[in-house]
Amino acid sequence: MGRRYDTVSFLSDLGTKDEFVGVVKAVIRDIAPHVVVIDLTHGIAPFDIRAGSLALARCIAYVPDGVVMATVDPGVGSSRRAVAIEVAGGDGVIIGPDNGVLAPAVALAGGAGRSVVLDLSDLHLPAPGATFAARDVFAPVAGHLCNGVDLYEVGTPIDPDLLVPGVVPLPREDAGSLLCEVLWVDRFGNCQLNVGPDEVEQWGGHMSITVHAPDAPVRRTATMATHFDGVRIGAIGLIVDGAGLLTLALARRSAAEELGIAAGEMVILGALDGGEVLGVTSPVTLRPTR
Amino acid sequence: MGRRYDTVSFLSDLGTKDEFVGVVKAVIRDIAPHVVVIDLTHGIAPFDIRAGSLALARCIAYVPDGVVMATVDPGVGSSRRAVAIEVAGGDGVIIGPDNGVLAPAVALAGGAGRSVVLDLSDLHLPAPGATFAARDVFAPVAGHLCNGVDLYEVGTPIDPDLLVPGVVPLPREDAGSLLCEVLWVDRFGNCQLNVGPDEVEQWGGHMSITVHAPDAPVRRTATMATHFDGVRIGAIGLIVDGAGLLTLALARRSAAEELGIAAGEMVILGALDGGEVLGVTSPVTLRPTR
Amino acid sequence: MGRRYDTVSFLSDLGTKDEFVGVVKAVIRDIAPHVVVIDLTHGIAPFDIRAGSLALARCIAYVPDGVVMATVDPGVGSSRRAVAIEVAGGDGVIIGPDNGVLAPAVALAGGAGRSVVLDLSDLHLPAPGATFAARDVFAPVAGHLCNGVDLYEVGTPIDPDLLVPGVVPLPREDAGSLLCEVLWVDRFGNCQLNVGPDEVEQWGGHMSITVHAPDAPVRRTATMATHFDGVRIGAIGLIVDGAGLLTLALARRSAAEELGIAAGEMVILGALDGGEVLGVTSPVTLRPTR
């Protein structure tokens with residue numbers, strides 16, 4: 001027997017409009033009644049492996065010991081592999097499709113330990129179709145792992161070095177500017193960038209931001225702030241967020257809407273050229289928001 | 001005393017924008033602190049008894065022993081009855097309004113055993129209005145049942161044969177074609193039909209589908225596939241889904257949006273007439289999506 | 001040591017699209033594994049302190065003994081205080097930002113007892129930014145309180161009389177009419193007003209309602225009903241809701257959409273002037289809905 005766990009932390013793009021998530025939790029409870037399932041989120045956009053991998057990475061330092069299950073799985077039923085990966089010396093097992101959604105979290109948890117492909121169909125639920133692996137494969141495996149079944153009894157060992165890597169975009173310097181990417185737009189419209197505060201220190205708290213480059217560049221002034229209400233009316237704030245990254249933010253309004261930007265888009269940070277009057281940016285909407 | 005239960009599986013149209021579901025769970029916890037509530041879904045469209053009954057039916061084989069509570073209840077406070085129905089020899093009790101929402105699940109669970117109408121107001125919460133039976137009637141009854149109160153102590157016995165039946169639409173043959181109905185459009189835009197794979201075997205994996213009949217029929221070719229990513233770009237796939245029914249699906253896109261169809265609408269499946277070139281359907285959007 | 005609790009009831013505007021709520025619950029479980037978290041709702045509109053305070057007030061009579069955590073917190077990281085307030089002789093502790101969101105619930109729970117400001121950063125999680133107090137401040141404090149840490153050990157005592165009050169709008173009489181406010185539009189489109197049934201008794205079950213005053217007043221006839229399906233087609237119903245207040249409602253349709261009104265707007269109730277034919281109001285939509 002392996003180690004027993006009593007928590008499954010569950011992230012997916014399954015949404016809550018349908019009964020998908022409820023059924024997965026019902027299956028886990030049936031197999032391992034002692035387990036508490038924590039819903040990290042099921043609001044990942046459908047099929048968005050990248051967004052799922054980033055959200056899981058933001059969670060991973062906070063999840064309790066146990067099983068972490070992440071099913072953003074557009075390739076369900078195809079030849080993509082279902083895997084389980086031990087991390088942190090067995091304190092956790094991360095399970096999901098081997099499509100990159102797990103990779104950043106595995107790396108943040110210290111890298112992959114023992115890993116298996118979930119090919120033992122005896123442990124899975126019988127199913128008429130191959131569309132619902134969260135219910136038929138991942139949930140029962142999570143339950144069995146929580147019950148103390150050893151990792152090597154839920155699948156066939158694989159080389160963790162051959163797992164599909166995640167793609168975390170890095171910022172890029174170009175002629176003194178920093179080409180960043182919006183990693184995440186949250187419910188409040190804050191736009192997390194792939195840069196930390198150290199990388200913009202050179203500009204001393206005030207810098208230019210350009211969005212919609214290169215076809216319709218719009219340039220604004222952004223100012224560092226320590227909290228949302230510290231961003232002045234009409235200004236664009238840059239705040240160190242809960243993950244330690246810079247996020248574009250407004251006070252009690254959506255920066256994504258104001259700037260008309262979405263996850264995956266480019267934002268260019270750079271020095272002010274002196275033409276700007278500090279902090280006297282106009283609060284008008286730059287173009288029709290989406 | 002009756003049998004004790006430790007799980008309540010809860011489905012509703014109450015949504016999660018408001019505090020309805022949270023308050024129901026607070027009431028259950030107050031009465032029966034040992035109980036875990038599994039939220040099957042609360043995203044059933046407001047007032048949609050049919051959608052609720054179908055979702056509950058899709059869940060029922062997976063819920064753990066215990067109480068199942070389904071409150072899609074537009075007639076709350078009227079003369080519609082609140083009922084509790086024993087199923088599976090007492091392994092489960094299904095409670096909710098007697099408006100058809102429970103019926104398909106009861107049937108799938110083997111049919112109604114002992115049944116009562118929840119007319120013992122001493123067991124309910126006092127309430128200023130009659131609008132929130134999930135909180136005031138169903139939640140306390142669920143709690144008491146979990147605590148081991150016998151079914152016949154939470155209401156007055158009724159004849160289970162007189163419960164309101166559910167309506168599950170059957171497909172219909174017409175001149176060699178199969179007139180189907182969309183039972184469910186899920187978050188991903190997959191459109192579950194009320195037919196299984198056996199019923200289309202005659203067409204050998206390729207068939208015509210017609211939607212928006214009869215006023216503006218649009219005809220496409222559909223091809224059986226075993227999983228979503230097996231549907232070729234530009235093609236419409238027909239996949240056996242997690243419930244064993246055929247679902248119209250695209251690879252990483254919404255079939256409902258592509259075809260402009262919604263739950264309850266008709267889809268006609270039939271033989272190809274030879275004019276089609278297999279699999280070379282065009283990926284253009286057929287008409288403005290909703 | 002103080003009293004131990006085993007339930008945290010959690011309300012916020014954090015939504016479920018992102019992983020915010022999941023991470024908060026992960027932190028609580030890590031610190032106090034015996035605790036069950038009840039999600040009251042996380043669907044409060046972003047930044048809407050008033051809506052959050054009203055929702056929490058509607059919940060408070062139903063939450064189990066334990067910690068109640070309400071984080072509608074647009075001022076997070078600013079000088080607004082994070083507080084914990086004992087209520088009901090220690091049966092509950094309500095925690096959250098001191099911005100008014102807690103006040104109506106505290107009042108309904110009998111008023112504030114011992115109160116502290118959560119200024120002991122040793123108890124909080126280390127965090128790169130000050131944007132996520134629900135995770136870094138409130139969750140660990142909730143966990144410690146559940147573990148039996150005394151209130152006076154999680155913060156510095158403050159005078160409860162100096163807590164920020166809530167704002168609950170009262171109706172106002174004007175020339176025989178009652179100027180009300182829509183407190184809440186729920187998922188079904190029911191519009192809760194800030195008046196109870198006693199205040200409209202004078203009109204005997206039929207009255208006029210005027211919306212969009214004063215610029216584009218629209219006048220309709222409203223009729224008291226005991227339940228939603230008791231509202232006749234084409235009529236506007238007034239129903240005593242689950243909180244004991246009057247709510248504008250239609251049968252199986254959204255009153256908010258029909259009347260084009262939203263939370264915070266004014267509704268005028270008054271006597272019929274005799275020109276109306278009772279119950280023969282027209283069902284047409286009054287103006288484009290939003």
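By convention in this document, chain letters (A, B, ...) are assigned in the order of the sequence lines, proteins followed by strands, and residues within each chain are numbered from 1.
Looking only at side-chain heavy atoms (C-beta outward), B/Phe132 and C/Asp241 stay at 4.5 Å or farther from each other. The shortest side-chain heavy-atom distance between C/Thr41 and B/Phe20 does not fall under the 4.5 Å cut-off. Between C/Tyr62 and B/Leu125 there is a side-chain heavy-atom pair separated by less than 4.5 Å.
Residues of residues 8-15 of chain B that come within less than 4.5 angstrom of chain C, heavy atom to heavy atom, are B/Asp13, B/Leu14, B/Gly15 in numerical order. Of all residues spanning residues 29-39 of chain B, those with a heavy atom less than 4.5 Å away from chain C's heavy atoms are B/Arg29, B/Asp30, arranged by number.
Contacts between B/Arg135 and chain C at a heavy-atom distance below 4.5 Å involve the side chain alone, from C-beta outward. For C/Asn190, no part lies under 4.5 angstrom from a heavy atom of chain B. Looking at C/Ala61, there are no atoms closer than 4.5 Å to chain B (heavy atoms on both sides), in backbone or side chain. Contacts of B/Thr16 with chain C are made by backbone atoms alone, with heavy-atom separations under 4.5 Å and no side-chain atom involved. Residue B/Ala130 touches chain C through both its backbone and its side chain, counting heavy-atom pairs closer than 4.5 Å.
Atom CG in B/Asp73 sits 11.0 Å away from atom NE2 in C/His227 (nearest 0.5 Å). Rounded to the nearest 0.5 Å, atoms NZ (B/Lys17) and CD1 (C/Ile44) are 8.0 Å apart. The line from CD of B/Glu19 to NE2 of C/His42 is 12.5 Å long, rounded to the nearest 0.5 Å.
Side chain of B/Asp18 to backbone of C/Arg187: a donor-acceptor contact under 3.5 angstrom is found.
When the candidates B/Val23, B/Val21, B/Asp136 are compared by the number of heavy-atom contacts under 4.5 Å with chain C, B/Val23 comes out ahead.
Minimum heavy-atom separation, C/Ala243 to B/Pro128: C-CG, 3.8 Å.
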